[in-house]
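These notes are about the structure you will find just below.
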Amino acid sequence: MSARIAFLKGHGTENDFVIIPDPENAIELSPAAVAALCDRRAGIGGDGVLHVVRSAAHPEARAMAAEAEWFMDYRNGDGSVAEMCGNGTRVFARYLQRAGYAGEGDLAIATRGGVKSVHIAKDGDITVGMGSARLPGGDVTVSVGDRSWPARNVNMGNPHAVAFVDDLAHAGDLLSAPPVSPASAYPDGVNVEFVVDRGPGHVALRVHERGSGETRSCGTGACAVAVAAARRDGVEPALTGSPATYRVDVPGGTLVITERPDGGIEMTGPAVIVAEGEIDTEWLENTAR
């Protein structure tokens, strides 16, 4: 590591991230180092780390380099690796714009969940093509204390269990992962969304993200919730030929989710860079031991 590591801090609907620009993939970020950076009392604080690497320089992304110059090497707040982060993708795109690597209009970003199409609008909002949802079969149940609810199993490149509840307070404190059964449905863990209705085409959620705990927002979770709500409401764009749009309120703001007839899902929302600075590598090395 160099004597100092540059970083930025950003958020998308208050889902916040430490951004580490590292075009040539020269910085080794161990799980312990990531967890130290994301510590809200002893570190910088964040729900995760966005490691910004050129696709050609990262072994997991080289095959995508022809489609996307940049790879979002995303890590959860506990240091674990994640396939995809929707809010993180918007913040990643905002960083590329700020750094001069991208401008208004379209760009592609490589993730472990595949290459994502992104559009940076003149009004500042960023739309991410999130791919299509998979709806694995089988019954799933989410529990909190002595309450339990049937949940919809939705995969957005990462796994989600979506439970519709009468009151978001029923989710409890979400400090620990709510039990989901059968465990075999999610061998690598799961993000759990608790959802209430606010009106036609309008829902609100709270979410426990695996590896991060409760977060102020979850982009892939908002997409999973919109798909689950549409199916519950008897809406399936592939059959009707018309897109379905849901407004999804998260604790940190609002996201607009549209499912197209071809199955593609688009997420639109804000992304903000709030600070930049340097990390003391001696601190990071000592903390991460």
Side-chain angles (χ1 to χ4, degrees), residues 10-17 19 47-48 50 52 55 64 67-72 74 82-134 154-158 160 191 193 201-205 207 215-230 235 237-238 242-250 252-274:
H11 76 91
T13 49
E14 298 183 13
N15 196 184
D16 62 335
F17 309 95
I19 305 162
D47 294 321
L50 303 175
V52 184
S55 298
M64 295 180 277
E67 298 178 73
E69 180 180 2
W70 295 97
F71 173 55
M72 185 179 75
Y74 179 66
E83 300 94 333
M84 170 61 184
C85 175
N87 288 318
T89 305
R90 294 202 321 279
V91 175
F92 191 95
R94 179 69 77 218
Y95 164 75
L96 294 179
Q97 182 185 35
R98 179 189 179 102
Y101 297 128
E104 291 178 357
D106 299 329
L107 72 150
I109 294 174
T111 76
R112 290 184 178 87
V115 176
K116 304 302 177 184
S117 298
V118 178
H119 181 80
I120 302 174
K122 289 183 179 180
D123 66 4
D125 275 354
I126 295 177
T127 297
V128 179
M130 300 289 286
S132 58
R134 290 191 296 108
V154 182
N155 193 291
M156 287 297 309
N158 58 358
H160 296 267
N191 305 284
E193 287 81 25
H202 185 188
V203 296
L205 68 80
V207 57
T215 59
R216 300 284 294 170
S217 181
C218 177
T220 55
C223 293
V225 164
V227 171
V235 176
S242 298
T245 297
Y246 279 77
R247 175 180 171 185
V248 181
D249 294 342
V250 297
T254 297
L255 296 166
V256 176
I257 311 299
T258 298
E259 183 182 7
R260 303 191 310 262
D262 66 2
I265 297 171
E266 296 176 336
M267 173 188 63
T268 300
V272 182
I273 304 296
V274 299

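- Residues passing the salt bridge (Lys or Arg N to Asp or Glu O under 4.0 Å) test with E14, sequence neighbours excluded: R216.
- Scored by the side chain to side chain donor-acceptor pair (under 3.5 Å) test, S132 finds no partners at all (sequence neighbours excluded).
- Checked against side chain to side chain donor-acceptor pair (under 3.5 Å), T215 has the following partners two or more places apart in sequence or in another chain: E209.
- The side chain to side chain donor-acceptor pair (under 3.5 Å) test applied to E83 returns R210, not counting sequence neighbours.
- By the ring-ring contact (aromatic ring centres under 6.0 Å, His included) test, Y246 is found to be paired with no residue, residues two or more places apart in sequence or in another chain being considered.
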Donor-acceptor pairs under 3.5 Å, side chain of residues 261-270 to any protein atom, not counting sequence neighbours: which ones?
unit_1	atom_1	unit_2	atom_2	d
D262	OD1	R260	NE	3.2
D262	OD1	R260	NH2	3.3
D262	OD1	G264	N	2.9
D262	OD2	R260	NH2	3.1
E266	OE2	R260	NH1	3.1
T268	OG1	T127	OG1	2.7

Hey, can you pull the donor-acceptor pairs under 3.5 Å for the side chains in residues 91-102, sequence neighbours left out?
unit_1	atom_1	unit_2	atom_2	d
R94	NE	A271	O	2.9
R94	NH1	Q97	OE1	2.6
R94	NH2	G124	O	2.3
R94	NH2	A271	O	3.4
R98	NH2	E276	OE2	2.7

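- Under the rule for a salt bridge (Lys or Arg N to Asp or Glu O under 4.0 Å), the partners of D47 that lie at least two apart in sequence or sit in another chain are R40.
- Rounded to the nearest 0.5 Å, atoms CE (M156) and SG (C85) are 12.0 Å apart.
- For residues 109-122, every residue pair satisfying the salt bridge (charged side-chain N to carboxylate O under 4.0 Å, His left out) rule, not counting sequence neighbours, is listed here: E60-R112, D73-R112.
- Residues satisfying the side chain to side chain donor-acceptor pair (under 3.5 Å) criterion with H160, sequence neighbours excluded, are N158, E193, T220.
- With sequence neighbours excluded, the residues forming a side chain to side chain contact (heavy atoms under 4.5 Å, CB included) with D249 are R198, H202, A204, R247, T254, listed by chain and number.
- With a 4.5 Å cut-off on side-chain heavy atoms, T89 and V118 count as touching.
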